[in-house]
Each structure stands twice: as structure tokens, then as C-alpha cells.
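Here is the structure we will look at.
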Number of protein chains: 2
Amino acid sequence: MSLRHQSVDAWPTRDRILYEASRLIAARGFHGATTRDIAEGVGIRQPSVFNHFASKQDILAELMVFDLTVPAERAEQLSFETVSPASRLYRYAAWDLRWYQEMPFDLRGMQEDLVNMPGMEEFQQALERWTKAIGRILDQGLAAGEFRADAAPFVPAILDTLSWEFVRSSHHHADDATRLNTDDGAAFVLRGLLVNPDDLEAVIGEVAQTGGRPGGGGTS
Amino acid sequence: MSLRHQSVDAWPTRDRILYEASRLIAARGFHGATTRDIAEGVGIRQPSVFNHFASKQDILAELMVFDLTVPAERAEQLSFETVSPASRLYRYAAWDLRWYQEMPFDLRGMQEDLVNMPGMEEFQQALERWTKAIGRILDQGLAAGEFRADAAPFVPAILDTLSWEFVRSSHHHADDATRLNTDDGAAFVLRGLLVNPDDLEAVIGEVAQTGGRPGGGGTS
DNA sequence: CCTACCGATCGGTAGG
DNA sequence: CCTACCGATCGGTAGG
């Protein structure tokens, strides 16, 4: 079912365009990734790309759904739940890192500034919603005395980077043995953030009790 | 003396080109930042840019010295010193974050992939030297039992991000009051990495004893 | 530091 | 999904 479980060559052309575009945008940036390069990677001629997407920007927009819209939705869900802030942040981080690890596309080129392009307002708002949702969880944790005030400002940027790191690792080591562990990544963030790092075990336990599953739909 | 202490308008044209280029590359990527935009920001005509730099890529190269060559040198220095690995990593992190905070240019557009462009081999090597030097300190800390094996793999990427975060904060809040604290950033990394986070105070103390100054030359 | 200009390459269209 | 093609824009040069 999932694209991840098939060889890229077996994907529909439309998905292969998304895949090649994501790799090239990650490698050279949006403006450096040309429609000719994308087409060449897919094995078609450049104008044929426009039979699947109305514009180059539409390819970007579809990739941004995976990078911004879906994570924003998940962060908002968790920001309104009732378990402890620490537990919710851990759950979000673990979900986020898994999301990027299992992502078939290479989203490292989806830089923040791209949402400022005309026509990308939808994703500008998704980014804002994500930032606010994470900010809510952080504020709740600060108010509850769970989080360190001198560490909280770094958390959004660190979640971002760890996401990229898991994309990178999933594209470089295909075998499960050398893969980075998503729970270790989430634990790293929490250890730096918690006033009492020794509470981490309990926080993780709380997650298991409320039955949080990494869940979320397919990728295509 | 330092560019940071003068208004941008008072800088020599060459430095203003570097400044505008750094901002545009951060905002749109190297290929999205055109020489016409750079010139417009400086207040000169597009061909005049080439009176100061032989090519657009030469502008990039000069910015990369600040982003890669200088930090690589500092990391290598520290990787061969004799104080504890934890203390050296803390010192590197604190130096690195200060370096980016005081940097007059916006280096957030200096993505890793740019070093793969033809002619940028020098910076590909600088990046490699940086990675190896940080890796050496991490390996020494793991061997000494100071660092957690499940946290060490995340450290290089997190140093990277925190650097960008300090660039961003220094470009957004000019006043010292709301500025992010570089020591807090370094402490965040160490708390996530140390087997015994309570040792952090001692690690910071060790730094003071060996008399490590943030030091390093000017910026221009 | 300017005006004038050029070859190459870009995203996208026409028409099958 | 292709060939043929186009207007716009790119980095860079000539010559003052």
C-alpha cells in the first residue's frame, strides 16, 4: 500500500515526480532544482511534468502538506489534550521523528522561507499553527514547573533539526540495525528540557498508560 | 573596528555586498538570490557587483569561510586539548553560539549541499574537518563514560541548528535583554548528552579554571 | 561604478 | 507523453 514498501520505479509517475523533486530541492534548493532535472530523474521529457502538475510551485505545495500541514494538525491535537505537558511533548516528538523517518520523500529542502512565496499562504498558516501549538505545550509545561525556562526557547528549532536528521538517516541507512532510534531523539529533547531529568522514565510511562500510538494515515 | 558596531550603510561596498547576499541567500537560497537583487539592496547596478567579486560563487565562498573554515579550525583546536571531553564540548558550543550571535552576516542560507558545487572543494573539506573534530570529542567522551551513546549521534545536527537559531535571534532582537543566552544553549546540549546531568556545573567550572576565553579574531 | 548587451537557461505553452 | 518553441530572466562581459 504505502509507497515506502515499493521500489521507486514501481510508483506512479506523479509520485515519482514528487520523489525526484524532493531530492533535488533538498540538494539544491527550490530555485536550483529545475524541471528539466526532475524530468530526467523520472525518465520523461521536461514538458511532460506539466501534465501532472500545473506548475513547479504546485509540486512544492504538495510536498509542503507532508512537511507542514500534517505535523501542524498533530501538534494541535496534542496541545489540547489533558495529560501532562511533558508527556504530550514527548509524544509529539516521538511521532514527529517517526513521521519523517517513514516519509518516502526527502523533505530537507522545505525551508521556512518558502512559505513566504506568493500563493503559499496556506502553508504560512500551517507553520504558524505548528509554532503556536508547540508554544502552548511549552507554556503549559513552564506554568506547571515541568520545563526549564532557559531551555524552552530552543525546543522548536531542535525538533526541526532532529526531523531532518531522521530524514537523512532514513535515506542513507536502509537497514533497520543502524537506523537512528526515534525514542532516543525524543528523550534527548526532554532531558534537556525537564527540570528533573529523572522524571523522564515516568513521562514515558505516562505515555504508555494513556495508550498513545504513533499513528497517522498513509503517505499517498 | 568590527562591522557589527557600525551601521550597515557605513560599511565598504564590498562588505555591504556580502551582507545583502547573505540575507538574500538565507531567504531564497543561493540559486534564488540574484545578483540584481543583491545590487539593488546595496544601491548599485547589477554589473558593478562584479567589480568587487569575480563571480557570484566567489561571494558564497567568502561567506563560507565564516560558516565553515573558522568553526572547523576552532573545533580542531579543542579536539586535541587535554581537559575533559565534556568541558571541551561545552566550550566549543559556547564559542560557536557566540560566533554566530556576533556574526554581522546572516549565514542561515549556507546549507551543507552548497559545498558539493564544483570549485567548493575547500569548504567540503572544512565541513569534513569540523565533523571529524566534533566526532573525536564525542568519541573521547563516550570512552570516558561521560556521554550517553544514545544522545551523541544527535549532537552535530543540534549544534548546527542552535547556531542558526542564534543568527536568527541576533537579527530579530537587537536589544540585549531579549537575546538568547549562548551559555543556556551550550548547557542544553550538554544536559541532553551527559550521563550525569548534575555534573554540568562542574563541567562549566572546569572551563573557567582552564581559563578558556571565547576569543578569536575580528570578522572582516 | 555606469550603460549596453549577450549567450544560456529557466518555467511554461501549443498542438498533437 | 512527445517535439518544437517562446518570453523572461539569469550570470557575466565590453568598454568607458
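Residue numbers begin at 1 in each chain, while the letters A, B, ... track the order of the sequences.
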Inset, instruction - Report yes if at least one side-chain N or O of B:R36 is closer than 4.0 Å to OP1 or OP2 of D:dT9; otherwise report no. - result: no
Inset, instruction - Please answer whether the main-chain N or O of B:F30 pairs with a side-chain N or O of A:H31 as donor and acceptor at a distance below 3.5 Å. - result: no
Legend entry - Whether B:W130 side chain and B:V70 backbone form a donor-acceptor pair below 3.5 Å: no
Legend entry - Rounded distance in Å - CG (B:D58) to C1' (D:dG12): 12 Å
Legend entry - Between C1' of C:dA14 and CZ of A:R45, the distance in whole Å: 18 Å
Legend entry - Pair A:D106, A:S22: side-chain N/O donor-acceptor within cut-off below 3.5 Å: no
Legend entry - d(CD1, B:I25; P, D:dG11) in whole Å: 11 Å
Legend entry - Side-chain donor or acceptor of A:E62 paired with backbone N/O of A:F53 under 3.5 Å: no
Inset, instruction - For A:A33, report the nucleic acid contact type (base, sugar-phosphate, nothing); a contact means any heavy atom under 4.0 Å. - result: sugar-phosphate
Inset, instruction - For the residue pair B:I158 and A:F154, establish whether any side-chain heavy-atom pair is separated by less than 4.5 Å. - result: no
Legend entry - Distance, rounded to the nearest Å, where B:H31 contributes NE2 and C:dA8 contributes C1': 14 Å
Inset, instruction - Output, in order, the C-alpha distance, side-chain angles, deciding distance and verdict of side-chain hydrogen bond (donor to acceptor under 3.5 Å, both in side chains) for A:Q140 and A:R88. - result: CA-CA 10 Å; A:Q140 293 160 0; A:R88 280 180 284 140; 2.9 Å; yes
Inset, instruction - Measure from the side-chain N and O atoms of B:R16 to the backbone N and O of B:V42, and report whether any donor-acceptor pair falls under 3.5 Å. - result: yes
Inset, instruction - Rounded off to whole Å, could you give me the CD1-to-P distance for the A:I17 and C:dG12 pair? - result: 13 Å
Inset, instruction - Could you tell me the separation between the CG atom of A:D37 and the C1' atom of C:dG12, rounded to a whole number of Å? - result: 16 Å
Legend entry - Straight-line distance of B:Q124 CD to B:L114 CG, nearest 0.5 Å: 11.5 Å
Inset, instruction - State the dot-bracket string of DNA chain D. Criteria: Watson-Crick or G-U wobble, both atom distances under 3.5 angstrom; notation: ( ) intrastrand, [ ] crossing earlier pairs, | interstrand, . unpaired. - result: ||||||||||||||||
Inset, instruction - Calculate the interatomic distance between A:I44 atom CD1 and C:dG12 atom C1'; express it in whole Å. - result: 14 Å
Legend entry - Neighbours of DNA chain C within residues 46-56 of chain A, by heavy-atom distance under 4.0 Å: A:Q46, A:P47, A:F50, A:S55, A:K56
Inset, instruction - Ignoring backbone atoms, establish whether A:T13 has a side-chain N or O less than 4.0 Å from OP1 or OP2 of D:dC1. - result: yes
Legend entry - Aromatic ring proximity, centroids under 6.0 angstrom, B:Y100 and B:W164: no
